[in-house]
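Notes for the one structure printed next.
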Amino acid sequence: MGVEPSEASGRSLWPRWVRGPQEFAGGLTLMAIALLALWAARDLSSMRGFSPGAGTVPRLTAGVLLALGAVVTALGVFVKGPRSARSAWRGPLFVGLAILAFAVSIQPLGLPLAAFLSFMIAALATKETRWGQTTLAGLCLAGVCSLLFPFVLRLPLPLLPRFLMP
Amino acid sequence: MADLISNLALGFGVAFTPVNLLFCLIGALVGTLVGVLPGIGTVATVAMLLPITFGLPPVGALIMLAGIYYGAQYGGSTTSILVNIPGEATSVVTTLDGFQMAQQGRAGPALAIAAIGSFVAGCVATVLIAVLGGPLTKLAQAFGPAEYFSLMVLGLVFAVVLAKGSVLKAIAMIVLGLLLSMVGSDVETGAARMSFGVPDLADGFGFAIVAMGVFGFAEIIRNLDPGTDVNRSLVQRPVTGLMPTRKDLVDAAPAIGRGTALGAILGILPGGGAVIASFAAYTLEKKIARVPSRFGRGAIEGVAAPESANNAAAQTSFIPLLTLGIPPNAVMALMVGAMTIHGIVPGPMVLQNQPELVWGMIASMWIGNVMLLIINLPLVGIWVRLLRVPYRLLFPAIVVLCAIGIYSINNSPVDVVLAGGFGLLGYWLIKQDFEPAPMLLGLVLGPLMEENLRRALMIARGDATVFVTRPLSASLLAVALLLLILAILPSLRRKRDEVFVEPKD
């Protein structure tokens with residue numbers, strides 16, 4: 001599976017001296033995460049006598065990750081590598097929004113509405129969506145979920161919007 | 001030996017109760033369904049169904065989750081053979097010869113051999129778990145914190161060696177996983193670490209959340225990218241003549257044997273698991289075949305070996321979990337979650353304190369394999385029809401189901417947002433050719449490793465040489481080092497990469 005990176009077309013995001021864009025981008029991501037972790041762990045205690053404190057192992061790990069990220073980034077500068085495979089903005093954007101919509105609406109709106117809303121937003125992620133069919137499928141899914149989770153599986157999920165609750 | 005038989009008898013006694021038979025059947029069916037549907041993997045499903053098991057009795061919950069895991073290995077092969085779409089990563093190599101056989105009108109024998117191979121592998125693996133369970137548990141009791149730490153280092157090194165692509169990137173992903181595991185309260189002091197003051201992070205990233213993000217959401221987003229359209233041209237020809245000929249059976253038997261053996265070994269190793277087992281088994285068959293060119297053109301060994309291997313590996317990966325308490329792959333890590341919810345701490349003590357739980361689950365695997373053999377072949381038509389559901393309708397449904405699954409673990413909307421965040425991060429990293437699997441293993445083993453590291457240092461009064469002065473720990477670390485060196489050696493790397501290259505003709 002996966003796309004051949006070579007077929008990626010269009011201009012690279014990076015300046016010309018970056019020879020391996022995948023390594024470069026990935027390495028930078030790792031370094032950013034490591035720096036964030038080092039910053040977040042700045043107040044944690046370090047070694048106390050023989051015993052490592054709460055911050056020792058996280059700082060050590062973040063340091064190793066930072067170093068590894070730096071090596072991967074450097075490889076991206078000096079070694080010719082494949083470009084990142086082409087990606088569309090639609091997928092990440094609308095799937096992300098659909099997840100967010102579910103998270104925001106499940107408590108105030110209840111399961112059926114949240115599920116339907118999230119389904120319809122997710123459907124925007126592809127151009128192939130046919131709206132009539134999708135709406136019908138979304139209604140069915142919302143219905144099935146509302147029966148399956150609260151009743152059959154007895155999970156405590158709200159069914160009605162909060163403003164309709166007695 | 002007498003022990004073994006009495007243990008298995010106990011297990012079958014537990015597994016043969018009507019309720020547990022039902023859970024086993026449900027698990028096997030759901031697993032097959034998941035295996036058939038591409039775009040939703042085993043990890044995401046088990047994570048999604050975790051909340052459902054809250055209300056079940058512990059034995060039933062574990063039997064069902066185990067059923068999903070090996071059922072998915074089965075279902076994946078069906079679609080590989082009939083439609084050239086691997087439903088699971090473990091069945092990717094099965095498409096090579098399986099689909100060719102189907103096009104030659106031999107879909108029936110291909111399906112039957114895949115089922116028989118899986119069944120044989122399942123039986124062998126079940127006995128193996130039963131045989132190795134006792135001795136390994138005894139060994140585990142000789143383990144101190146230093147040994148546990150070294151064993152987990154070895155496990156992570158295995159994950160690096162067995163991951164595909166760059167060794168450096170695999171190591172980086174493991175370290176990232178370890179780092180993520182440290183978010184949340186400290187084991188010893190209880191101090192909140194790197195939680196950015198967010199109360200939902202005080203307990204750390206739930207494993208199910210990260211797993212759902214990088215294996216559920218990220219996978220969906222990746223499938224939506226241009227150029228990854230799933231080709232859904234079905235084999236329209238009806239499946240006739242299910243039974244393989246005598247020649248098929250004779251050809252396939254040794255391949256099933258080799259696949260089972262290889263899969264069983266790779267399943268036990270941490271970081272290995274079913275995916276690598278199926279690739280390795282296929283490569284082995286091709287290497288030792290007298291006429292290697294037959295492969296890719298409908299060789300029955302090319303179906304029998306990987307299908308046996310992935311099933312054997314799926315089952316033997318329970319061994320480290322049940323005996324040492326170390327989950328060797330992501331699905332097993334979720335099983336830890338399921339056990340913890342029911343107040344069971346996986347490890348050597350489970351086998352002693354709750355034998356009916358462990359042996360019941362082991363026995364249920366055998367029963368589940370029989371069920372799969374019986375239900376799968378007649379149901380092939382239904383599974384194929386399911387594939388006609390277009391992806392444009394399927395993926396929003398999967399997104400919603402995943403979201404409901406995560407939400408219901410803690411009734412927390414923040415968890416859903418976090419999973420979405422991990423989905424985007426996972427997607428980005430996959431795009432840069434980083435594998436998410438080693439990261440998950442790091443996340444799983446991280447807390448156990450840190451705890452044992454700190455405990456070992458404390459017992460040794462801060463003397464870090466304790467890891468190399470205790471013989472058992474030292475030898476585990478030596479093996480790990482040796483493996484790492486071998487993985488970096490160019491000649492071996494080429495061999496390793498060969499295993500992952502899908503042969504094209």
Side-chain angles (χ1 to χ4, degrees), chain A residues 1 3 7 22 25-26 29-30 33-34 37 40-41 44 49-52 54-55 57-58 61-62 64-65 68-69 71-72 82 84-88 90-92 95-96 98-100 102-104 106-107 115 118-119 122-123 125-126 128-129 133-134 137-138 141 145 149 153-157, chain B residues 51-52 54-55 92 168-169 171-172 175-176 178-179 182 186 188-189 191 193-196 217 220-222 224-228 390-393 395-397 399-401 403-404 407-408 411 413-414 416-417 419-420 423-424 427-429 431-434 450 453-454 457-458 460-463:
Chain A
M1 299 245 277
V3 206
E7 72 187 43
Q22 277 195 343
T29 311
L30 295 180
I33 296 173
L44 297 173
F50 313 130
S51 79
V57 186
T61 317
V64 173
L65 186 65
L68 285 170
V71 175
V72 176
S84 307
R86 238 172 75 202
S87 57
R90 275 190 99 100
V95 173
I99 297 165
L100 194 64
F102 183 88
V104 173
I106 176 75
Q107 284 178 348
S118 175
F119 186 92
T126 174
E128 292 170 32
T129 297
Q133 193 191 37
T134 296
L141 180 84
C145 288
F149 290 96
L153 300 169
R154 284 188 228 135
L155 293 175
L157 290 161
Chain B
I52 294 174
F54 291 179
V92 171
L168 185 66
K169 284 179 169 177
I171 296 177
V175 177
L176 176 61
L178 290 175
L179 189 62
M182 286 159 200
D186 177 33
E188 273 162 36
T189 60
R193 302 195 293 184
M194 299 187 279
S195 61
F196 297 97
F217 293 140
I220 293 169
I221 301 173
R222 205 177 62 86
L224 288 171
D225 271 349
T228 26
Y391 196 64
R392 62 172 187 275
L393 293 179
F395 86 85
V399 170
V400 172
L401 289 174
I404 297 176
Y407 176 76
S408 50
N411 278 344
V414 179
V416 182
V417 177
L424 294 177
Y427 168 72
W428 171 250
L429 287 173
K431 277 278 156 196
Q432 315 310 330
D433 209 18
F434 285 83
E450 192 189 352
L453 171 74
R454 287 165 70 170
L457 281 178
M458 218 134 69
R461 306 189 147 257
D463 180 10

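These numbers come from the heavy atoms of this one structure, side chains and all, not from hydrogens, waters or symmetry mates. Just so we're clear, the structure is a prediction, and the values are computed from it rather than from any experiment. Each chain gets a letter, A, B and so on, in the order its sequence line appears, and its residues count up from 1.
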(message) Counting C-beta onward and ignoring hydrogens, is there a side-chain heavy-atom pair between B/L179 and B/V175 closer than 4.5 Å?
(response) no

(request) Evaluate the side-chain proximity of B/V399 to A/I99: yes if any heavy-atom separation is below 4.5 Å, no if none is. (result) yes

(message) So does B/K431 get a backbone contact from the side chain of A/Q22, meaning a donor-acceptor N/O pair under 3.5 Å?
(response) yes

(request) Considering only heavy atoms and a distance below 4.5 Å, find which of A/G91, A/G138, A/G69 pairs most often with chain B. (result) A/G91

(request) Look at A/L100, A/I33, A/V104 and state which one has the largest set of heavy-atom pairs under 4.5 Å with chain B. (result) A/I33

(message) If we define contacts as heavy-atom pairs under 4.5 Å, which of B/L178, B/I404, B/D433, B/L424 has the most with chain A?
(response) B/I404

(request) Using non-hydrogen atoms and a 4.5 Å limit, figure out which bit of A/L65 sits close to chain B: side chain, backbone, both or neither. (result) both

(request) Look at the side chain of B/K169 and the backbone N and O of A/G26, then say whether any donor-acceptor pair between them is shorter than 3.5 Å. (result) no

(request) Heavy-atom distances under 4.5 Å only: say whether A/F119 touches chain B with side chain, backbone, both or neither. (result) both

(message) Run the side-chain hydrogen bond (donor to acceptor under 3.5 Å, both in side chains) test against A/T126 and tell me which residues pass, sequence neighbours left out.
(response) none

(message) For chain A, which candidate among B/I171, B/L401, B/I221 shows the most heavy-atom pairs at distances under 4.5 Å?
(response) B/I221

(request) Answer with side chain, backbone, both or neither: which region of A/A37 has an atom nearer than 4.5 Å to a non-hydrogen atom of chain B? (result) both

(request) Just jot down the ring pair (Phe, Tyr, Trp, His ring centres under 6.0 Å) partners of B/F395, sequence neighbours excluded, or say none. (result) B/Y391

